[in-house]
Amino acid sequence: MGNYSVVVLDFETTGLSPNNGDRAIEIGAVLIENNRIVDRFQSLMNPGMKISRFIEEYTGITNQMLQAAPSIIQVMHKFAAFMARHHLVAHNASFDSRFLDAELQRINHTRCQEFACSLLLSRRLYPESPGHSLETLVRHKSLTTDGVHHRALADAEMTGHLWMGMIDDLKADYNLKQVPFQLLQQLSKVSKSAAPVFLQRAAEKQRQG
DNA sequence: TGCCAGGCCCTCTTTAGGGCCTT
């Protein structure tokens with residue numbers, strides 16, 4: 001129960017909505033076991049369409065780079081093997097899960113595992129933070145970063161460090177022995193004001209066995 | 001031609017509106 005692995009993933013895309021024709025252009029992911037990054041996945045992917053100047057400037061990924069990249073289908077087959085059946089984590093998971101499911105559908109692959117959202121969790125654990133964007137949280141919590149933003153692997157690594165930091169903080173602040181994935185999923189669904197009491201009760205239950 | 005995301009969360013709320021967060 002306490003030793004589970006998660007894959008923290010991040011997409012760069014042509015825009016905000018797969019329902020609006022947007023596609024993935026890069027995926028980055030880290031595999032975390034025992035609160036340590038033990039593996040990484042990164043690839044650009046050719047969406048078969050030109051990306052906007054805005055996306056080129058936002059990500060630093062150019063149309064020229066994408067012309068030389070493998071197809072989305074090739075990359076998604078490899079990523080499906082990487083994520084296997086591990087739990088999934090993303091910052092604003094509703095965004096990444098929509099793109100993941102849309103691109104997996106094109107290779108007739110169905111996701112079997114659940115997501116946890118580090119954005120929803122950070123709002124409950126760090127209400128004092130001036131914001132809950134990944135960039136703000138990295139500054140607020142002094143997380144490990146190479147200074148790169150809006151590239152898939154760099155964002156996945158920072159989200160991974162945020163995730164590990166949240167688990168450490170939960171253990172320290174609430175005296176939790178273990179922080180099961182399901183507990184974090186439940187925490188992201190309780191109201192922000194109810195989160196502290198929810199965590200105190202979870203810790204009591206663990207002490208009672 | 002003109003349209004253009006979706007979900008969370010707060011509040012001057014629930015017969016709603018707007019900021020935040022993801023690209």
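Values reported hereafter were calculated over all heavy atoms of this structure, with side chains retained and with hydrogens, waters and symmetry mates removed. Order of the sequence lines fixes the chain letters, A, B, ..., with proteins taken first and strands second; residue numbering starts at 1 for each chain. What you see is a predicted model, and the numbers here were worked out from it, not measured in a lab.
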Give the rounded distance in Å between these two atoms: NE2 of A:His91 and C1' of B:dT23.
14 Å
Just compare B:dC21, B:dT23, B:dC4 and give me whichever is closest to any side-chain atom of A:Phe54.
B:dT23
Could you tell me how far B:dA16 sits from B:dT23 if I compare only their P atoms? Round to whole Å.
31 Å
B:dT13 versus B:dC9 - spacing of their C1' atoms, nearest Å
12 Å
How many Å lie between CD on A:Glu103 and C1' on B:dT23, as a whole number?
13 Å
Within the structure shown, what part of the strands sits under 4.0 Å from A:Gly131 by heavy-atom distance: base, sugar-phosphate, or nothing?
sugar-phosphate
Using a heavy-atom cut-off of 4.0 Å across all strands, would you classify A:Arg124 as base, sugar-phosphate, or nothing?
sugar-phosphate
Separation of A:Phe11 atom CZ from B:dT23 atom C1', in whole Å?
12 Å
Separation of B:dA5 atom C1' from A:Ile55 atom CD1, nearest Å, is 14 Å
Which of the following nucleotides, B:dC21, B:dT23, B:dC9, is nearest to the side chain of A:His132?
B:dC21
Measure up the A:Phe41 and A:Phe82 rings against each other and bin them: parallel (under 30°), tilted (30 to 60°), perpendicular (over 60°).
tilted
To the nearest angstrom, the CD-P distance between A:Glu56 and B:dT23 comes to 17 Å
To the nearest angstrom, the CZ-C1' distance between A:Arg98 and B:dT23 comes to 11 Å
Closest approach to the side chain of A:Glu12, judged atom by atom: which nucleotide of B:dG7, B:dT22, B:dT23 is it?
B:dT23
Trace of the side-chain contact (heavy atoms from CB on, under 4.5 Å) decision for A:Phe95 with A:Leu16
CA-CA 8 Å; A:Phe95 174 85; A:Leu16 289 171; 4.1 Å; yes
Separation of B:dC20 P from A:Arg123 CZ (nearest whole Å)
10 Å
How far does the C1' atom of B:dG2 sit from the matching atom of B:dC8, given to the nearest Å?
29 Å
Looking across every strand, which nucleic acid part, if any, lies under 4.0 Å from A:Leu134 by heavy atom: base, sugar-phosphate, or nothing?
sugar-phosphate
Using the six-membered ring wherever Trp is involved, compare the ring planes of A:Trp163 and A:Phe181 and label them parallel, tilted or perpendicular (cut-offs 30° and 60°).
tilted
Does the distance from a Lys or Arg side-chain N to an Asp or Glu carboxylate O, for A:Arg201 and A:Glu204, drop under 4.0 Å?
no
Gap in Å between the two P atoms, one belonging to B:dT1 and one to B:dG7, rounded:
31 Å
Spacing of the P atoms in B:dG19 and B:dC12 (rounded, Å)
15 Å
For B:dG18 and B:dC4, measure between their P atoms and round to the nearest Å.
15 Å
State which of B:dA5, B:dC8, B:dC10 makes the closest approach to the side chain of A:Lys192.
B:dC10
For A:Gly15 and A:Ser94, find the nucleotide of DNA chain B closest to each by heavy atoms; which residue's nucleotide sits nearer the 5' end?
A:Ser94
Look only at the side chain of A:Asn46 and the backbone of A:Leu66, and say whether a donor-acceptor pair between them is shorter than 3.5 Å.
yes
Output the single nucleotide from B:dC8, B:dA5, B:dT23 whose closest atom is nearest the side chain of A:Leu120.
B:dC8
Counting any heavy atom closer than 4.0 Å, what does A:Leu16 reach on the DNA or RNA strands: base, sugar-phosphate only, or nothing?
base
B:dG6 phosphate, OP1 or OP2: any side-chain N/O from A:Asn19 under 4.0 angstrom?
yes
Checking A:Glu12 side chain against A:Ile25 main chain: does a donor-acceptor pair fall under 3.5 Å?
no
Could you state the atom-to-atom distance from CG of A:Asp96 to P of B:dT23 in whole Å?
7 Å
Among B:dC21, B:dC4, B:dT23, which nucleotide has an atom closest to any side-chain atom of A:Asn20?
B:dC4
